[in-house]
Amino acid sequence: MDFASVFCKKPVLNKKIEADIFRTLRYVRSDKLKQILQNLLDEALTEIMKSEGIESDIPEYTIETPNNPDHGDFATNIAMKSAKIFRKKPMDIAAKITETVKHPLIKSAEAVMPGFINFRISDTFYQDIVKKAVESDEFFTSDYGRGRKTMVEFVSANPTGPLHVGHGRNAAYGDSLARIMRAAGYDVHTEYYINDAGNQMNNLGKSIYVRYLELLGRDVEFPEDGYKGEYIIDISKALLEENGGKIAEMPEAEAVAMCLARGLTDITNEIALTLKNFNVDMEIWFSEKSLYKSGEVESSLKYLMDRGFIYEKDGALWFDSTKFGDDKDRVVKRSNGEYTYFTSDIAYHKNKYDRGFMSVIDVWGADHHGYVKRLSSAIEAIGYEDRDFNVSLIQMVSLLSSGERVSMSTRAGSFITLDWLVEEVGADAARFFYAMRDYEAQFDFDIDLAKKKSSDNPVYYVQYAHARVQSLLSKAENEGIKFELCTHLDKISSKEELELIKKIYDYNSVLEQASRGRQPHRMAYYLQELAALFHAYYFNNTIINAEDSELTSVRLSIAVAVGNAVRNGLGLLGVSAPDRM
RNA sequence: GCGCCCAUAGCUCAACAGGAUAGAGCAACGGACUUCUAAUCCGUAGGUUUGAGGUUCGAGUCCUCAUGGGCGCGCCA
């Protein structure tokens with residue numbers, strides 16, 4: 001079975017299924033030592049099975065870095081997992097395996113109750129970690145994704161108003177995920193889908209038009225479902241200033257179109273600026289309207305028709321999504337001849353795959369979850385068997401103002417803008433704040449907390465670790481202290497240092513976990529743990545010692561390794577790593 | 001009514017594909033600046049992981065049911 005066909009049997013809807021697939025594949029870890037251990041264990045187990053005359057597959061087992069240092073540097077549950085096959089006690093199997101497994105990097109292997117095997121690793125391995133982390137940022141990347149061409153589509157808010165703090169969560173998540181997956185070896189591109197077609201656009205144009213007329217003193221009625229925000233009036237004012245009352249003289253349809261065009265440009269530019277200030281790297285802006293212009297909406301519908309997934313009923317065209325497990329079939333062309341939003345979305349996703357994306361991730365608000373099944377059905381019907389499709393449903397952000405829940409509505413014009421938040425607490429703090437939450441958990445955004453507690457934000461704790469390292473380096477330089485990075489690393493011996501280095505080593509598996517689970521928050525937590533270890537280390541040990549250049553070299557090397565980890569990790573979250581604070 | 005997500009310390013949240021003694025921050029209390037930046041460190045206290053069953057060597061994690069909260073069920077987007 002080759003990788004692609006297993007990976008993408010059908011559109012994958014949640015990370016659980018994805019995890020199953022990875023298990024089936026016996027994913028080859030990019031992490032070298034774990035790879036070595038896995039090979040050794042596989043061999044040892046095969047050997048034992050042979051001598052016992054047992055024929056069976058090697059069971060799934062894990063190799064992990066235990067939290068408890070008493071449990072060694074690496075631990076595996078292989079013996080417990082294979083107890084059933086052997087019909088023997090896990091401890092007996094573990095004991096046998098420990099006798100068989102031998103490798104220069106393995107200092108000891110110990111079988112302990114209830115059947116774990118704990119490995120202790122040679123010091124040279126950890127010395128090597130420091131060296132690698134100091135010398136190249138490549139240490140903080142992985143080839144886990146194997147260059148798979150992936151799109152992360154996120155934000156994609158309707159261009160009918162400014163982004164609010166709910167969009168902020170989506171933006172922070174999508175951008176961090178893209179950066180993380182890129183670092184984990186995927187070929188990632190980011191994209192914003194602009195819904196510049198459809199009813200809401202007409203609505204927007206009308207809103208601007210009516211405000212325009214109001215500015216001229218005309219007595220007109222504001223549309224009931226129009227956009228009531230202040231920013232609409234700003235657009236009308238700009239139009240008025242530029243061309244006087246000219247638009248009022250035009251036929252209404254033409255006038256509305258003109259208002260719409262201007263509104264769309266202004267709002268989209270505004271959104272782009274907001275994202276830029278939020279340190280979000282959006283590469284492609286994709287217009288929905290362009291899909292109509294290019295004929296792709298029609299052609300993709302025809303594509304599905306030819307494959308027999310479309311039928312006619314009550315004067316409308318329906319997509320047979322129940323065939324793929326959806327609750328009901330969905331309309332793709334209304335009886336009045338108009339396409340639905342769903343239809344252009346099908347075309348859009350076909351377009352994504354046609355552009356060569358093997359993997360597509362959509363980041364949506366959780367209120368759209370009812371939409372997932374129909375789209376994944378359509379993608380399945382399109383039939384790219386080797387592709388996969390995932391949706392990250394970001395749970396809602398509710399605003400908490402003095403204990404009260406406030407709902408956000410673009411149409412009613414009541415929302416806290418992302419711009420406001422960034423101005424209030426800064427992009428770094430805001431990004432980290434968002435990054436700390438798992439996307440599946442609801443998020444109560446406490447406005448008072450954001451304003452008041454900006455200096456309590458853990459982001460400063462992490463950034464400070466980086467600033468400390470930089471300050472150590474510049475001090476050593478300024479005072480002419482003799483040191484040479486990555487020398488005398490054999491002097492590393494203290495428990496504290498080893499613990500810190502192990503944490504640096506963990507960076508890679510955190511990166512892979514965050515990528516696999518599409519969970520950037522893991523990186524945020526990891527960075528706090530790493531910073532905590534470093535701050536303690538710094539406090540208990542004098543790093544720069546003018547009398548002892550060897551010791552200084554060792555400690556500065558560790559510090560620089562930490563600093564590099566922090567800088568890289570913060571970068572993945574779109575947070576800066578200042579040299580001074 | 002049907003479907004999706006969530007429930008862990010007083011509060012906000014973690015817990016790596018089911019692993020060993022469930023961890024941080026804030027808040028509380030007690031300590032550490034003649035020091036490489038105290039935006040720091042050390043210590044104390046805080047838990048029947050909402051409840052009841054089940055699966056197994058092992059469950060916060062998987063399954064079933066219940067309770068509570070959020071969201072969704074259009075020829076809207």
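The analysis underlying the following values was restricted to heavy atoms, covering all of them including side chains, and did not include hydrogens, waters or symmetry mates. Since this is a predicted model, take the numbers as computed values, not measurements. A note on names: the letters A, B, ... follow the listed sequences, proteins ahead of strands, and every chain is numbered from 1.
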- Worked verdict on A/Asp362 versus A/His349 for side-chain contact (heavy atoms from CB on, under 4.5 Å): CA-CA 10 Å; A/Asp362 285 9; A/His349 283 81; 2.6 Å; yes
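- Across every non-hydrogen atom of A/Tyr505 and A/Leu33, the tightest pair is OH-CB, 4.0 Å.
- With rounding to whole Å, A/Asp438 atom CG is found 14 Å from B/U12 atom C1'.
- No more than 12 heavy atoms of other residues, nucleotides or ligands lie within 6.0 Å of NZ in A/Lys206, so this atom counts as exposed by the packing criterion.
- Remark: the backbone N or O of A/Tyr292 is not paired with any side-chain donor or acceptor of A/Tyr339 at under 3.5 angstrom.
- Rounded to whole Å, the distance from CD on A/Glu529 to P on B/C16 is 12 Å.
- Looking at A/His368, its side chain has no donor and acceptor atom pair within 3.5 Å of the base of B/G72.
- With sequence neighbours excluded, the residues forming a side-chain hydrogen bond (donor to acceptor under 3.5 Å, both in side chains) with A/Ser287 are A/Asp196, listed by chain and number.
- Between B/G74, B/G3, B/A77, one nucleotide has an atom nearer to the side chain of A/Asn158 than all others, and that is B/A77.
- Residue A/Val332 is classed as having no contact, given no heavy-atom separation below 4.0 Å to the nucleic acid.
- For B/A17, its base sits under 3.5 Å from the side chain of A/Arg516 at one donor and acceptor pair at least.
- In this structure, A/Phe309 and A/Phe319 have perpendicular ring planes: the angle between them is above 60°, well past the 30° mark.
- By the 4.0 Å N-to-carboxylate-O rule, A/Glu60 lies too far from A/Lys81 to be salt-bridged with it.
- Per the geometry, CD belonging to A/Glu512 stands 13 Å off C1' belonging to B/A17, to the nearest Å.
- Between the base of B/G69 and the side chain of A/Gln442 there is a donor-acceptor pair shorter than 3.5 Å.
- With salt bridges taken as basic N to acidic carboxylate O contacts below 4.0 Å, none links A/Arg516 and A/Glu512.
- Across the C1' atoms, B/G46 and B/G10 are found 8 Å apart, a figure rounded to whole Å.
- Looking at A/Ser509, its side chain has no donor and acceptor atom pair within 3.5 Å of the base of B/C16.
- Atom CD of A/Glu288 is separated from atom C1' of B/A77 by 9 Å (rounded to the nearest Å).
- At B/C76, one or more side-chain N or O atoms of A/Arg334 fall inside 4.0 Å of OP1 or OP2 (strictly under the cut-off).
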Which pairs of donor and acceptor atoms, one on a side chain in residues 464-472 of chain A, lie under 3.5 Å apart (sequence neighbours left out)?
unit_1	atom_1	unit_2	atom_2	d
A/His466	ND1	A/Ala577	O	3.3
A/His466	ND1	A/Pro578	O	3.0
A/Arg468	NH1	A/His535	ND1	3.0

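- Both A/Pro66 and A/Ala366 lie close to RNA chain B; mapped to their nearest nucleotides by heavy-atom distance, the more 5′-ward contact belongs to A/Pro66.
- Across all strands shown, A/Lys333 has no heavy atoms under 4.0 Å from either base or sugar-phosphate atoms.
- The 5' end of RNA chain B is approached more closely, in terms of each residue's nearest nucleotide, by A/His521 than by the other of A/Ala536 and A/His521.
- The same atom, C1', is picked in B/U61 and in B/G18; the two are 7 Å apart, to the nearest Å.
- Base-pairing analysis of RNA chain B finds the following stems of at least three consecutive Watson-Crick or G-U pairs, with both pairing distances under 3.5 Å: B:1-7 with B:67-73, B:10-13 with B:23-26, B:28-32 with B:40-44, B:50-54 with B:62-66.
- Within 4.0 Å of A/Gln513, counting heavy atoms only, lies at least one base atom of the nucleic acid.
- Rounded to whole Å, the separation between the P atoms of B/C65 and B/G1 comes to 14 Å.
- Taking only distance into account, the side chain of A/Asn203 never meets the base of B/A77 through a donor-acceptor pair shorter than 3.5 Å.
- Annotation for A/Glu496: atom CD counts as buried by contact number, over 12 foreign heavy atoms lying within 6.0 Å.
- Stacking of A/Arg330 on the aromatic ring of A/Phe342 is not recorded, the 6.0 Å distance cut-off and the 45° axial limit not both being met.
- Closest contact between the side chain of A/Asp70 and the listed nucleotides B/U21, B/C75, B/A20 involves B/U21.
- B/C57 and B/G47 have their P atoms separated by 33 Å, with the value rounded to a whole Å.
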- Task: For each nucleotide in nucleotides 30-39 of chain B, reading 5' to 3', give B when a protein heavy atom comes within less than 4.0 Å of its base, S when such contact involves only the sugar-phosphate, and - otherwise.
- Result: --B---BBSB
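- Nucleotides B/C26 and B/C42 place their P atoms 12 Å apart, quoted to the nearest Å.
- Between A/His71 and B/U21, a side-chain N or O to OP1/OP2 separation shorter than 4.0 Å is absent.
- The nearest whole Å value for the distance from the OH atom in A/Tyr339 to the P atom in B/C76 is 15 Å.
- Residue-to-nucleotide contacts include a donor-acceptor pair under 3.5 Å from the side chain of A/Asn77 to the base of B/G19.
- B/C2 sits 23 Å from B/C62 when the P atoms are compared, rounded to a whole Å.
- Among the heavy atoms of the strands lying under 4.0 Å from A/Ala75 is at least one base atom, whether or not backbone atoms are also near.
- Rounded to whole Å, the separation between the C1' atoms of B/U49 and B/G3 comes to 26 Å.
- Using a cut-off of 4.0 Å between Lys/Arg side-chain N and Asp/Glu carboxylate O, A/Lys502 and A/Asp73 are scored as salt-bridged.
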Filtered N/O pairs between nucleotides 55-57 of chain B and protein, under 3.5 Å:
none

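- Whole-Å rounding puts the A/Arg522 CZ to B/A24 P distance at 17 Å.
- Across all strands shown, A/Thr340 has heavy atoms under 4.0 Å from sugar-phosphate atoms exclusively, and none from any base.
- Both geometric conditions, a ring-centre gap below 5.5 Å and a plane tilt below 30°, are fulfilled for A/Phe116 over the base of B/A20.
- Counting non-hydrogen atoms under 4.0 angstrom, A/Asn118 reaches a base of the nucleic acid.
- Against the 90° criterion about 0, the sugar-base torsion of B/A17 places it in the syn range.
- Atom CG of A/Asp57 has 12 or fewer heavy atoms from other residues, nucleotides or ligands within 6.0 Å.
- Atom P of nucleotide B/G19 and atom CE of A/Met91 are separated by 20 Å, given to the nearest angstrom.
- Applying the salt bridge (Lys or Arg N to Asp or Glu O under 4.0 Å) rule to A/Asp367 yields no partners; only residues at least two apart in sequence or on another chain are considered.
- The residues A/Lys495 and A/Glu499 are annotated as not salt-bridged, no charged nitrogen and carboxylate oxygen being separated by less than 4.0 angstrom.
- Taking atom P in both B/U34 and B/A39, the straight-line distance is 15 Å, to the nearest Å.
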- Query: For A/Asp92 and A/Lys89, what are the C-alpha separation, side-chain angles and deciding distance, and is it a salt bridge (Lys or Arg N to Asp or Glu O under 4.0 Å)?
  - Reply: CA-CA 5 Å; A/Asp92 295 344; A/Lys89 284 184 199 149; 5.3 Å; no
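- A/Asp367 comes within 4.0 angstrom of sugar-phosphate atoms only, judged by non-hydrogen atoms across all strands, and of no base.
- Of the candidates B/A20, B/A77, B/A17, the closest approach to any side-chain atom of A/Thr62 belongs to B/A17.
- One can place CD of A/Gln519 at 11 Å from C1' of B/A14, the figure rounded to the nearest angstrom.
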